[in-house]
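First the structure, in the form of structure tokens, and then the observations on it.
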Amino acid sequence: MERALRSLLVQSLSVLTLCAVADFSAGSVLEGMKERFYVVPGLLTMVPPLVGLRGNIGCALGSRLGTALHLGVLRPKLSRSWELVGNALAAIFLSIVGSVTVAGISLAVRGSLGLSSRILDLLGIALISGTMAGVLITFLTIAVALLSFRRRWDPDNVTGPVMTTLGDIITVLCIYLVVLFWG
Amino acid sequence: MRFWRTVAETYSVLVACALISTFSGLLAEHHLDLFYSVPFLLVLVPVINDIAGNVGAILGARLSSALHLGTISRGQRKELYFNLKAISASSLLMYAATSAVLFLYLLVVGGSGKLALVLLVSGLILTPVVVLSSALLSLVSFARGLDPDNVTGPLITSLCDVLGMGCLLLSAGLLL
């Protein structure tokens, strides 16, 4: 086989395999909460955008940290530098605002299609689970970026796939937990 | 301030993606009875969507690099076709392997093997759709002076949520 083709297949397939394993776990959590989707109409509508949101925020944070580490603006250790704190705050802020936005979009789209939804339930579930997942994922992204850079791996190659995958599981788990206690 | 610039730039992409993904959830909720009667289909949702999303994102990133480097241009299509073929092969292999593992798992726990077939058929329908839309997004955004790195990645993952859900429902409808 051609060398370029082989390295492409090996690298992309190993990432894809890891992700597929994680996806089965995220899917099992979804399966476990199937009754809840009947109880709270609109909940299932919000799941894909909420999950995608967290992946995007984690990826953007990871790639910004990767760039800062490569440029030498950020040292690979925990510090109070604005490069680290500012980026973390931006990610958490985006998680909170983004979650409310997702709930708003779901409500607006469902409303315009004439579907009923429980506004307060959807807003509350999105806000609490989104903030929980956002904080967790922000800290995890920082840990993955700093640790991989210390081990001389390129954070740009690691944080993206790792965060989208972990983001899926963490977000679905957070939604599950919040819905469980929501009543 | 940099904080607000980061927030503003990321937020606009997030809103676009959230809007697209909402339709995936809406599609799922519309077929809630199917998911309720065959709950295992819910397990397949992240698997199908994420394999496709990853495939699309990897292809987008590779095409973007090639476009920036100039190895893909008007007269030069070899690199483009190589990527399309390699990524399609990668994607099909991935769906086939996941379906095979799932089939073995279902044999062990005594589930219906048809569910593995649903995954395989979804992958077969989805692969050409994702590969073509990712390539199209990259080429069109580059031709319009946008950076495909910023456009294809986030948009293709959201688009795959909708396309993946559609393909899952389609193949479940055909097979179950």
Side-chain angles (χ1 to χ4, degrees), chain A residues 2 4-5 8-9 12-13 15-17 19-20 22-28 30-35 37-38 41-53 55-57 59-60 64 82 86-87 89-91 93-94 97-98 101-102 105-106 109-110 113 115 160-161 164-165 168 172, chain B residues 1-4 6-7 9-11 13-15 17-30 32 35-36 39-51 53-55 57-58 62 82-83 85-87 89-91 93-94 97-98 101-102 105 153-154 157-158 161-162 165:
Chain A
E2 251 181 282
L5 181 63
L8 188 160
L9 282 180
S12 53
L13 284 180
V15 172
L16 288 175
T17 310
C19 293
D23 287 331
F24 273 113
S25 344
S28 307
L30 279 182
E31 187 188 10
M33 56 192 286
K34 61 182 194 303
E35 278 94 8
F37 294 131
Y38 272 111
L43 179 59
L44 186 54
T45 308
M46 292 198 310
V47 171
L50 275 179
V51 170
L53 177 77
N56 277 334
I57 294 176
C59 271
R64 283 202 305 276
W82 180 245
N87 271 319
L89 284 179
F93 180 76
L94 275 167
V97 179
T101 311
V102 164
I105 291 177
S106 293
V109 171
R110 288 177 64 84
L113 291 173
L115 297 165
T164 25
T165 309
D168 281 8
V172 174
Chain B
M1 208 167 90
R2 268 244 303 300
F3 177 84
W4 291 110
T6 307
V7 168
E9 285 182 358
T10 318
Y11 186 70
V13 178
L14 290 182
V15 172
C17 290
L19 192 60
I20 301 174
S21 298
T22 301
F23 286 93
S24 165
L26 213 57
L27 206 57
E29 203 160 339
H30 188 67
L32 194 54
F35 284 113
Y36 196 78
F40 196 80
L41 287 177
L42 278 172
V43 180
L44 296 182
V45 172
V47 183
I48 292 174
N49 289 356
D50 273 12
I51 294 179
N54 282 327
V55 163
I58 293 173
R62 294 182 57 90
F82 165 77
N83 273 297
K85 273 188 277 186
I87 293 289
S90 209
S91 169
L93 209 60
M94 200 55 218
T98 331
V101 174
L102 180 64
Y105 169 80
T157 26
S158 314
D161 282 350
V162 186
M165 187 67 78

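Just so it is clear: chains get the letters A, B, ... in the order the sequence lines come, proteins before strands, and each one is counted from 1.
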For this session: Using non-hydrogen atoms and a 4.5 Å limit, figure out which bit of B/L32 sits close to chain A: side chain, backbone, both or neither.
Result: both
For this session: If the plane angle is over 60° it's perpendicular, under 30° parallel, otherwise tilted; pick one for B/F3 and A/W82.
Result: tilted
Exercise. Does any heavy atom of chain A fall under 4.5 Å from the side chain of B/L102, the backbone, both, or neither of them?
Worked result: side chain
Exercise. For A/Y38, does the OH atom sit with more than 12 other heavy atoms under 6.0 Å from it, leaving out its own atoms?
Worked result: yes
Exercise. Does some side-chain heavy atom of A/V109 sit less than 4.5 Å from a side-chain heavy atom of B/L19?
Worked result: yes
For this session: Grab the two heavy atoms, one from A/P49 and one from B/A18, that are nearest each other, plus how far apart they are.
Result: CB-O, 3.7 Å
For this session: Determine, stepwise, if the pair A/T45 / B/F23 fulfils side-chain contact (heavy atoms from CB on, under 4.5 Å).
Result: CA-CA 7 Å; A/T45 308; B/F23 286 93; over 6 Å; no
Seminar exercise, completed: Under 4.5 Å to a heavy atom of chain A? For B/D161 that would be side chain
Seminar exercise, completed: Taken to the nearest 0.5 Å, the spacing of A/L94 CG from B/T10 OG1 works out to 5.0 Å
Exercise. Given B/N49 and A/D23, is the side-chain contact (heavy atoms from CB on, under 4.5 Å) satisfied, shown in steps?
Worked result: CA-CA 9 Å; B/N49 289 356; A/D23 287 331; over 6 Å; no
For this session: For the pair B/W4 and A/F93, name the ring-plane relationship: parallel under 30°, tilted 30 to 60°, perpendicular over 60°.
Result: perpendicular
For this session: Name the region of B/L93, side chain, backbone, both or neither, that has any atom closer than 4.5 Å to a heavy atom of chain A.
Result: side chain
Exercise. Is the side chain of B/E29 donor-acceptor paired with the backbone N or O of A/G42 at a distance under 3.5 Å, no angle test?
Worked result: yes
Exercise. From B/Y11 OH over to A/I57 CD1, what is the distance, rounded to the nearest 0.5 angstrom?
Worked result: 10.5 Å
Exercise. So which of A/V51, A/V102, A/L89, A/V47 has the biggest tally of heavy-atom pairs under 4.5 Å with chain B?
Worked result: A/L89
Exercise. So do B/M94 and A/T17 actually touch side chain to side chain, heavy atoms under 4.5 Å?
Worked result: yes
Exercise. Checking A/A60 against chain B: side chain, backbone, both or neither under 4.5 Å from a heavy atom?
Worked result: side chain
For this session: Identify which part of B/L44 has an atom lying under 4.5 Å from any heavy atom of chain A, answering side chain, backbone, both or neither.
Result: side chain
Exercise. Measuring from A/C19:SG to B/N54:CG, what's the distance to the nearest 0.5 Å?
Worked result: 4.5 Å
Problem set entry | Worked check of side-chain contact (heavy atoms from CB on, under 4.5 Å) between A/T101 and B/L14 | CA-CA 9 Å; A/T101 311; B/L14 290 182; over 6 Å; no
Problem set entry | Atom pair OG (B/S21) and CG (A/L53), whose distance is rounded to the nearest 0.5 Å | 9.5 Å
Exercise. Rounded to the nearest 0.5 Å, what separation is found between the CG atom of B/L42 and the NZ atom of A/K34?
Worked result: 8.5 Å
Exercise. Between A/L30 and B/F35, is any pair of side-chain heavy atoms under 4.5 Å apart?
Worked result: no
